[in-house]
Amino acid sequence: MMKRSGNKKFTDKGKIWIDLDNSPHVPFFAPIVEELEKRNYSVVLTARDCFQVRDLADARHLNYKLIGHHSGKNKIRKMAGLCVRALQLLPIILREKPVLAISHGSRSQLIVAVCLRIPSVFMSDYEFATGWAFIRPTWHMCPEVIPNSALQFDHDRILKYPGIKEDVYVARFVPKPEIRRQLGLHEQDIVVTIRPAASEAHYHNPQSDELFDAAVEFLSKKPNLKLVALPRNEKQAICLRRRWPSLFSNGNMRIPEKIVDGLNLIWHSDFVISGGGTMNREAAALGVPVYSVFRGKIGAVDRYLAQRGRLVFLECVQDVQTKIRLVRRDRPARPQNGDGIALGSIMEQIVAIMDTKRPSPSISKGISLNQPASVDGEGPTPLPLA
C-alpha cells in the first residue's frame, strides 16, 4: 500500500531510507523529510501499521509504503514479528537501493541495514530501551542531555543534538483554536488531556496504571473539568469505556472520534497527565503543565525536564492529590516555539554523513565520523560487540 505526496522529484544526491516504526516518529520525521527534499535528496519512507502511524502519515500527506504491523506484548511474538517485517522490507529496499538508513528505534530497519551493509543512523531518546549486543547501527544519535556513559555504544559513533526530540517539530506548530468546539468543549471548562501508559512496552510498570486510575478518579470529582483521553490503541479505548462508563455517559470523559492533532489538543488543554513518553515531552516543549505517571526507569531527558520544572512526576497516590494544580491555564495566542536548533543540528549531521564530511564541532558535541558512509551503498562494517 502506498500513499502519495505528489513529490516525484528524483535526484543524484543519494537516497535515504526512513522507517516510521511508531506513532511519534511521524511528526518527528515529517520536517526532516521536508528538509531533505529541499536539499534535493531522495527519500523512501516505510511505515509499520500500528497504533496511529497510518492515520498520522496520511494526515501529513507523506509518501510511504506500509509494511508489517504490531505483534503484541508477548516477547516471542514480538521477536517473530520483528523478523517477519524485516523479511517484508528486504525486497523493497533491495529495489530502492538507499545509501543511508535512518529511524528512531526501528529494529526491523536495523536488521535489514546490517544484512545489506547499508550505513544506519539509529536515533533514540530513552537510554533504558532494550538494545541488542549482537547487531549494531553505524551511528547512534540522541539528545545531548543523555550522557555517553549511559549508552552502550562506541563513543566515536555517538551523535548528539541539542534540546529534545519534540523540539524538532514543535518549532513549526501553529495553534488551531477550533479544536475545543470540535470536541464539544467550552472555553470555561478546565480541559485535561490524559493518556494511559504504554502497557505493551517492555519497560511497562503496573504501578503506572494504578497512578493513572487514581488520577482519573481524583479528577472525575471536580466540577467544570473535562477529560480528553487519547488511548494508544483500541484495546485501551475499550478498557477506558468499561472502567468509567458513567464518565463517558455524562460527557465528563471523551475519546475523539477521529484522529486529532496531538500538539493542538495539548496546547488547548489546561494540563496533561500521561504515562510517559512523547506526549509528556510535547507538553513540556509547548510550556503546558504536565504530570507523568510513568514508573519505569526515569531517563535523562525526563530528569532534565523535571529539574527545570517543565514536568512533574506523580510517584504515589498521595501525589495525585497534592501535586496536581487544578487551575485554568493562561494560554497565550501562540506558543514560544523555540529556534529550530534541534532540527538544524540533526540536518547538518545527516548531510555531513551523506556528503562524507565530518560534522562541525559547533553543531554537535563529541561527534566523530572516522568511517563515513560511502555514496555507493557499501558503508562501514557494523560495529563489533560491545
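- The structure places CD of Glu166 at 4.5 Å from CZ of Arg281, a figure rounded to the nearest 0.5 Å.
- Note that CD1 of Ile164 is 8.5 Å distant from CG of Asp125, once rounded to the nearest 0.5 Å.
- Looking at Trp244 and Ser220, their side chains never bring a donor and an acceptor atom within 3.5 Å of each other.
- A side-chain N or O of Tyr64 and one of Asp58 form a donor-acceptor pair less than 3.5 Å apart.
- At a cut-off of 3.5 Å, with distance as the only test, a side-chain donor of Asp19 or Ser106 sits close to an acceptor on the other residue.
- Atom CD of Glu257 is surrounded by 12 or fewer heavy atoms from other residues, nucleotides or ligands within 6.0 Å.
- Exactly one residue among Gln109, His25, Arg48 makes a side chain to side chain contact (heavy atoms under 4.5 Å, CB included) with Leu20. That residue is His25.
- Taking the six-membered ring where the residue is Trp, Phe28 and His104 present perpendicular rings, their angle passing 60° and hence far from 30°.
- Atom NZ in Lys13 sits 4.0 Å away from atom OH in Tyr41 (nearest 0.5 Å).
- For the side chain to side chain contact (heavy atoms under 4.5 Å, CB included) with Ile273, the qualifying choice from Val320, Val290, Val293 is Val293, the only one to do so.
- Each of Arg331, Arg329, Arg328 was compared with Glu187 under the salt bridge (Lys or Arg N to Asp or Glu O under 4.0 Å) criterion, and only Arg331 meets it.
- Salt-bridge check for Glu282 with Lys165: failed, with every basic side-chain N at 4.0 Å or more from each acidic carboxylate O.
- Here CE of Met347 is found 5.5 Å from CD of Glu35. Values are rounded to the nearest 0.5 Å.
- In this structure, Ile158 CD1 and Asn148 CG are separated by 4.0 Å, a value rounded to the nearest 0.5 Å.
- Look at Asp49 and Arg54 and you find a salt bridge, because one of the NZ, NE, NH1 or NH2 atoms lies within 4.0 Å of a carboxylate O, short of that distance.
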